[in-house]
Protein chains: 2
Amino acid sequence: MLNKNVFLKKYFLMTRSEENYLKTIFHLGGGDSKSITTNAIAEQMETKPSSVTDMAKKLAEKGLVNYVKYQGVSLTNSGVKTALSIIRKHRLWEVFLVEKLDFSWDEVHEVAEQLEHIKSEKLIDKIDELLNFPKYDPHGDPIPTKDGKFQERDKKLLSEMAINATGVCVGVKDSSVPFLKFLDKNKIALGNSIKVLDKEDFDNSLRIQLEGKEIRISHQIASNLYVKKND
Amino acid sequence: MLNKNVFLKKYFLMTRSEENYLKTIFHLGGGDSKSITTNAIAEQMETKPSSVTDMAKKLAEKGLVNYVKYQGVSLTNSGVKTALSIIRKHRLWEVFLVEKLDFSWDEVHEVAEQLEHIKSEKLIDKIDELLNFPKYDPHGDPIPTKDGKFQERDKKLLSEMAINATGVCVGVKDSSVPFLKFLDKNKIALGNSIKVLDKEDFDNSLRIQLEGKEIRISHQIASNLYVKKND
DNA sequence: AATTAAATTTAGACAAAACTAAAAATAGAT
DNA sequence: ATCTATTTTTAGTTTTGTCTAAATTTAATT
Ligand SMILES: [Mn+2]
Ligand SMILES: [Mn+2]
Ligand SMILES: [Mn+2]
Ligand SMILES: [Mn+2]
């Protein structure tokens, strides 16, 4: 009885901390068999490199990451699968909070960080169904399907669009609370139509048409907004 | 910074384990300044008495329980308040799962055990609103209000009702999965009308009318079903 | 009142997840 | 190729929550 639980725990059950590490490694690109350094992971997670080393060993033991001393970690197939299932939960909960509970897009991340660790396959599948199987979360990020398929959208940073090009705002690169609140205040939202009117060479700021109205936008903003170009 | 966090953690932030202890103590009657023994708590939580002793000290330090060596623990006002907020969350999530996601009443407890620890006041208030401020959970247990008010229903065990008395089934005493599944199989549900027809002295079984149909019920079942008597 | 049984606490250990400080390995620059 | 700065790992601690085994207190019985 005790031995069986120790076995399950060691090789199958995921702790919250382990899940957070997998998610971070995935977001840093470790899903494409690219090696991520312990330092990079530590910085992202606001923890210490030595803690990351400890966890790397544990995750390697579970077959979730490839870890070679001094060479960093990458996700195994199993690790990718697990990371995607957590990201799927995170983004579905974010949609739920916005669509069903009237949260604003700057409030959802913090709560989703907790909800993503709830263990119930039925729960998340039912939430998915309730939301009518959404493809994107409130920040425009794609939601992996139940079987881990990922549909990245064809999008471009607004700052990289040519003059006179038109499109629709579909996502944010920076999804920090201050940036999202800034966009709200300036009435910039996902789904808005955009046309690039002019670029200012001096400071790289843009003059754009947003839902018909002409506004000026700094480079900082333009380089954090994703646009889907019209054909 | 570090000192501030240590301070917050020690005196304000609740861990999942601490929350589970408070909830258990409350369910064992520790809210009415009755002393609950460490043994009773240990048995309920499937843990060891020595672990309970450790936690009792920690909760006392936080001002959540009164703890006197060898005398057991009872909840302080602050402890009751905290316990009620967790029970409120647990029961609201149970309603949510049944009402919005089509879970059956025997599936919700396990998931609610996880969801009750999500920390977001806004989240639970919005869930409450979405559900239209329900007063009872799927097992007939009352849901505390935001400010901790408790409306226990006037109910009686079916086994204690007099012959010819009528009422409505409003709750279960045993809310274990097997019992709930048994009730489903026998088409006994909350809201059903009940009339006691006859009692068998030999084995204390009952003959009752359930939604018009006459059925026979063992004492074991009758002593785990709550009925609200008609006036 | 003394003895015994049961309940409770203490002491010491362990696993998980973090930390600090020191040691080792790698990469960059001469 | 050697030295040096940076990165990474190791070793040893800490905190939380648990456990076992031993000691202590309380309750029950004679
Ligand atoms: Mn998020
Ligand atoms: Mn998001
Ligand atoms: Mn429950
Ligand atoms: Mn319930």
Side-chain angles (χ1 to χ4, degrees), chain A residues 1-25 28 30 34-62 64-74 113 117 119, chain B residues 1-25 28 30 34-62 64-74 113 117 119:
Chain A
M1 181 61 119
L2 202 131
N3 274 331
K4 184 184 155 199
N5 280 333
V6 167
F7 176 78
L8 282 175
K9 196 161 190 178
K10 185 155 187 191
Y11 296 107
F12 293 99
L13 304 177
M14 301 290 296
T15 67
R16 176 179 294 228
S17 184
E18 287 168 345
E19 291 185 344
N20 283 333
Y21 273 95
L22 288 183
K23 203 178 44 156
T24 301
I25 295 166
L28 291 173
K34 196 179 93 182
S35 245
I36 312 297
T37 67
T38 48
N39 251 17
I41 298 166
E43 185 176 18
Q44 181 73 25
M45 299 187 72
E46 299 184 75
T47 180
K48 301 292 167 182
S50 54
S51 307
V52 179
T53 302
D54 287 345
M55 185 55 86
K57 289 174 183 170
K58 205 185 308 174
L59 292 175
E61 184 74 21
K62 285 191 175 180
L64 296 162
V65 304
N66 306 115
Y67 169 58
V68 184
K69 258 195 196 181
Y70 294 102
Q71 302 299 128
V73 297
S74 64
E113 284 291 304
H117 301 291
K119 276 152 188 84
Chain B
M1 179 62 118
L2 203 131
N3 274 332
K4 183 185 157 202
N5 280 332
V6 168
F7 176 78
L8 281 174
K9 194 160 191 181
K10 184 154 189 191
Y11 296 107
F12 293 100
L13 303 178
M14 303 290 294
T15 67
R16 174 178 296 228
S17 184
E18 288 168 344
E19 291 184 344
N20 283 333
Y21 273 97
L22 289 184
K23 204 178 42 154
T24 300
I25 295 166
L28 290 172
K34 194 179 96 185
S35 245
I36 312 298
T37 67
T38 49
N39 253 15
I41 298 166
E43 185 177 17
Q44 180 75 23
M45 298 187 73
E46 298 184 76
T47 181
K48 302 290 166 182
S50 55
S51 307
V52 178
T53 301
D54 286 345
M55 185 55 85
K57 289 173 183 170
K58 206 185 309 173
L59 292 174
E61 183 74 18
K62 285 192 175 179
L64 296 162
V65 304
N66 307 115
Y67 169 59
V68 186
K69 258 195 197 183
Y70 295 101
Q71 303 298 128
V73 298
S74 64
E113 283 291 304
H117 301 291
K119 275 149 187 90

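Lettering of chains follows the sequences in order, A, B, ..., and the numbering in each one begins at 1. Values below: every heavy atom of this structure, side chains too, minus hydrogens, waters and symmetry copies.
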Exercise. The side chain of Asn39(B) lies closest to which of these nucleotides: dA7(C), dA18(C), dT18(D)?
Worked result: dA7(C)
Seminar exercise, completed: From CG of Asp54(B) across to C1' of dC14(C) the rounded distance in Å is 14 Å
For this session: Applying side chain to side chain contact (heavy atoms under 4.5 Å, CB included) between Val73(A) and each of Ile41(A), Asn66(A), Leu59(A), report the one that passes.
Result: Ile41(A)
For this session: Round to a whole Å and report the spacing from NZ of Lys58(A) to C1' of dT9(D).
Result: 16 Å
Exercise. Are OP1 or OP2 of dT8(C) and a side-chain N or O of Tyr67(B) less than 4.0 angstrom apart?
Worked result: no
Exercise. Below 4.0 angstrom from OP1 or OP2 of dT9(D), is there any side-chain N or O of Thr38(A)?
Worked result: yes
Problem set entry | OP1 or OP2 of dA18(C) under 4.0 Å from side-chain N/O of Ser17(A) | yes
Problem set entry | Set of residues satisfying side-chain contact (heavy atoms from CB on, under 4.5 Å) with respect to Gln44(A), sequence neighbours excluded | Thr24(A), Leu28(A)
For this session: Quick one: label Ser51(B) by what it contacts on the DNA or RNA (base, sugar-phosphate, nothing), any heavy atom closer than 4.0 Å.
Result: base
For this session: Could you check which of dA17(C), dC19(D), dC19(C) has an atom nearest any side-chain atom of Thr47(A)?
Result: dC19(C)
Exercise. Please give, in whole Å, the distance from dA16(C) P to Asn20(A) CG?
Worked result: 17 Å
For this session: Ignoring hydrogens and angles, answer whether the base of dT20(D) and the side-chain atoms of Ser50(B) contain a donor-acceptor pair closer than 3.5 Å.
Result: yes
Exercise. How many Å lie between NZ on Lys69(B) and P on dA23(D), as a whole number?
Worked result: 16 Å
Exercise. How close do Ser17(B) and Met55(B) get, heavy atom to heavy atom, and via which atoms?
Worked result: OG-CE, 3.5 Å
Exercise. What's the spacing between Glu113(B) CD and Asn20(B) CG if we round to 0.5 Å?
Worked result: 6.5 Å
For this session: Give the rounded distance in Å between these two atoms: CD of Glu19(A) and C1' of dA17(C).
Result: 15 Å
For this session: Considering just the side-chain nitrogens and oxygens of Thr53(A), establish if one lies under 4.0 Å of OP1 or OP2 belonging to dT9(D).
Result: yes
Exercise. How far apart are the closest heavy atoms of Tyr67(B) and Ala60(B), and which atoms are they?
Worked result: CB-CB, 4.0 Å
For this session: Could you state the atom-to-atom distance from CD of Gln71(B) to C1' of dA27(D) in whole Å?
Result: 12 Å
Exercise. If only side-chain N and O atoms of Tyr21(B) are considered, is one of them under 4.0 Å from the OP1 or OP2 phosphate oxygen of dT18(D)?
Worked result: yes
Problem set entry | For atom CD1 of Ile36(B) and atom C1' of dT8(C), their distance in whole Å | 16 Å
Problem set entry | Per Tyr70(B) side chain, nearest of listed nucleotides dC19(C), dT18(D), dT8(C) | dT8(C)
Seminar exercise, completed: In whole angstroms, the gap separating C1' of dA13(C) from NZ of Lys48(B) amounts to 16 Å
